[in-house]
Amino acid sequence: EPHPSTYSFLKKNISINRFNNINSYNFALLDSDGIVNFYNSKGTNPPGFTSVKHDFIESGSETISCKARDVVSFLNHELDDLQISLIKIDIERAELPLLRLMLKRILKDNTTILCEILDEHLYPNFDDLFHDNGYQSILIDDLKNEAKIVKSLSDSKKIGRNVLFLPPTIDFSKIYSEI
């Protein structure tokens, strides 16, 4: 989590709940180490905080510079001895480029991905990334508490913001019967 205020909330939440299996870091993950500008930095806990300059950035919002780490280096060095079983990714339209960088590790670890996808026109790109590697998809509507299993995102109508990508090692039929 790159935003200092949000990171502070995250650390507090981990502590209050006495989680001992969560590693938290106060930096962004990108394609290289350095500093990255984030947009929509309005208030102490900004919604829509993003490194992608897009049409939906609030007028009057500011930028904030945050530390960034190379995601591949980070995964292969600091987290090399861990199997990553789940990634929850919600980084305001920057998910796809980062997941592409992480794909080799995701496939190696058979990682389940819970991903926010704000733009339906990107569904074919996510299909190329996950379905071509044997993953199954579940569209999730958080507001209606609904989930829909789909063969392809490209052939599906968006029902919510989140998609669960399940690796081929997970018995999809078992999960479906429990939903």
Side-chain angles (χ1 to χ4, degrees), residues 1-2 6-7 9-11 13-14 17-31 49-52 68-179:
E1 172 56 52
T6 306
Y7 182 72
F9 284 120
L10 173 64
K11 293 287 287 184
N13 192 7
I14 291 168
N17 288 290
R18 297 185 180 146
F19 291 126
N20 58 9
N21 62 344
I22 296 175
N23 300 316
S24 63
Y25 302 93
N26 190 204
F27 51 79
L29 293 172
L30 294 174
D31 60 351
F49 184 64
T50 181
S51 63
V52 177
R69 294 280 313 273
D70 178 306
V71 65
V72 174
S73 175
F74 178 71
L75 291 174
N76 292 337
H77 295 100
E78 282 84 346
L79 302 180
D80 187 46
D81 59 336
L82 299 174
Q83 179 180 1
I84 302 170
S85 57
L86 173 69
I87 294 173
K88 165 60 171 119
I89 186 166
D90 177 353
I91 51 177
E92 306 305 316
R93 296 182 166 85
E95 294 85 3
L96 189 60
L98 191 65
L99 288 168
R100 283 181 175 144
L101 291 170
M102 300 167 58
L103 186 60
K104 185 175 179 180
R105 179 62 183 268
I106 289 168
L107 296 176
K108 175 183 168 261
D109 289 352
N110 289 305
T111 306
T112 297
I113 308 293
L114 178 57
C115 181
E116 179 183 64
I117 305 174
L118 294 174
D119 301 311
E120 192 173 354
H121 72 273
L122 293 177
Y123 276 4
N125 302 85
F126 282 93
D127 276 344
D128 291 346
L129 194 65
F130 288 109
H131 290 173
D132 290 356
N133 286 294
Y135 274 65
Q136 299 287 327
S137 299
I138 300 176
L139 293 169
I140 300 169
D141 184 340
D142 299 340
L143 299 175
K144 295 181 181 175
N145 294 322
E146 294 178 0
K148 179 181 177 187
I149 299 165
V150 297
K151 291 184 183 200
S152 162
L153 294 177
S154 303
D155 299 329
S156 304
K157 183 170 174 26
K158 185 176 177 180
I159 65 167
R161 292 181 166 196
N162 293 296
V163 178
L164 184 65
F165 295 102
L166 300 171
T169 55
I170 292 180
D171 185 350
F172 195 60
S173 62
K174 269 188 168 180
I175 290 178
Y176 179 71
S177 65
E178 294 174 11
I179 293 180

Show every donor-acceptor pair shorter than 3.5 Å between a side-chain atom in residues 101-109 and any protein atom, with sequence neighbours excluded, or say none if there are none.
from	atom 1	to	atom 2	distance (Å)
R105	NE	D109	OD2	2.6
R105	NH1	L75	O	2.6
R105	NH2	L79	O	2.7
R105	NH2	L82	O	2.5
R105	NH2	D109	OD2	3.4
D109	OD2	I84	N	3.0

Counterpart residues, side chain to side chain contact (heavy atoms under 4.5 Å, CB included), relative to [X] (two or more places apart):
{"X": "A94", "value": "S51, V52, I91"}
{"X": "N17", "value": "N13, F19"}
{"X": "L86", "value": "T112"}
{"X": "T169", "value": "N110, P167"}

Within a strict 4.5 Å, meaning less than it, do heavy atoms of the [X] and [Y] side chains meet?
{"X": "F165", "Y": "L99", "result": "no"}
{"X": "F126", "Y": "S137", "result": "no"}
{"X": "D90", "Y": "E92", "result": "yes"}
{"X": "F9", "Y": "E1", "result": "no"}

| query | Picking from I159, D141, V163, what satisfies side chain to side chain contact (heavy atoms under 4.5 Å, CB included) with K148? | reply |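 Among I159, D141, V163, the one that satisfies the side chain to side chain contact (heavy atoms under 4.5 Å, CB included) with K148 is I159.
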| Inter- and intrachain pairs under ring-ring contact (aromatic ring centres under 6.0 Å, His included), touching residues 76-106, at least two apart | none
| Is the side chain of K158 donor-acceptor paired with the backbone N or O of Y123 at a distance under 3.5 Å, no angle test? |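 The answer is no, because no donor-acceptor pair under 3.5 Å joins these two groups.
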Pairwise distance [atom1]([X]) to [atom2]([Y]) - rounded to 0.5 angstrom:
{"X": "L98", "Y": "I89", "atom1": "CG", "atom2": "CD1", "result": "4.5 Å"}
{"X": "L96", "Y": "L129", "atom1": "CG", "atom2": "CG", "result": "6.5 Å"}
{"X": "N26", "Y": "K11", "atom1": "CG", "atom2": "NZ", "result": "9.5 Å"}
{"X": "S73", "Y": "D31", "atom1": "OG", "atom2": "CG", "result": "12.0 Å"}
{"X": "K88", "Y": "L114", "atom1": "NZ", "atom2": "CG", "result": "5.0 Å"}
{"X": "Q136", "Y": "L164", "atom1": "CD", "atom2": "CG", "result": "11.0 Å"}

| Worked check of side-chain hydrogen bond (donor to acceptor under 3.5 Å, both in side chains) between S152 and H131 | CA-CA 7 Å; S152 162; H131 290 173; 4.7 Å; no
| task | Taking side chain to side chain donor-acceptor pair (under 3.5 Å) as the test, write out the residues that go with D142, two or more places apart. | result | N162
| query | Can you pull the salt bridge (Lys or Arg N to Asp or Glu O under 4.0 Å) pairs that have at least one residue in residues 113-139, sequence neighbours excluded? | reply | R93-D119, E116-R161
| query | Tell me, which pairs form a salt bridge (Lys or Arg N to Asp or Glu O under 4.0 Å) where one or both residues lie in residues 73-87, sequence neighbours left out? | reply | R69-E78
| query | Which residues pass the ring pair (Phe, Tyr, Trp, His ring centres under 6.0 Å) test with Y135, sequence neighbours left out? | reply |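 Partners of Y135 by the ring pair (Phe, Tyr, Trp, His ring centres under 6.0 Å) criterion, ordered by chain and then number, come out as F130.
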| task | Using ring pair (Phe, Tyr, Trp, His ring centres under 6.0 Å) as the criterion, list what pairs up with Y25, not counting sequence neighbours. | result |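 Partners of Y25 by the ring pair (Phe, Tyr, Trp, His ring centres under 6.0 Å) criterion, ordered by chain and then number, come out as F27, F74.
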| task | Mind checking salt bridge (charged side-chain N to carboxylate O under 4.0 Å, His left out) for E146 and listing every partner two or more places apart, or none if nothing turns up? | result | none
Shortest non-hydrogen separation from [X] to [Y] and the atoms involved:
{"X": "S24", "Y": "I14", "answer": "CB-CD1, 4.0 Å"}
{"X": "G134", "Y": "P168", "answer": "O-CB, 3.6 Å"}
{"X": "H121", "Y": "P124", "answer": "O-CD, 3.4 Å"}

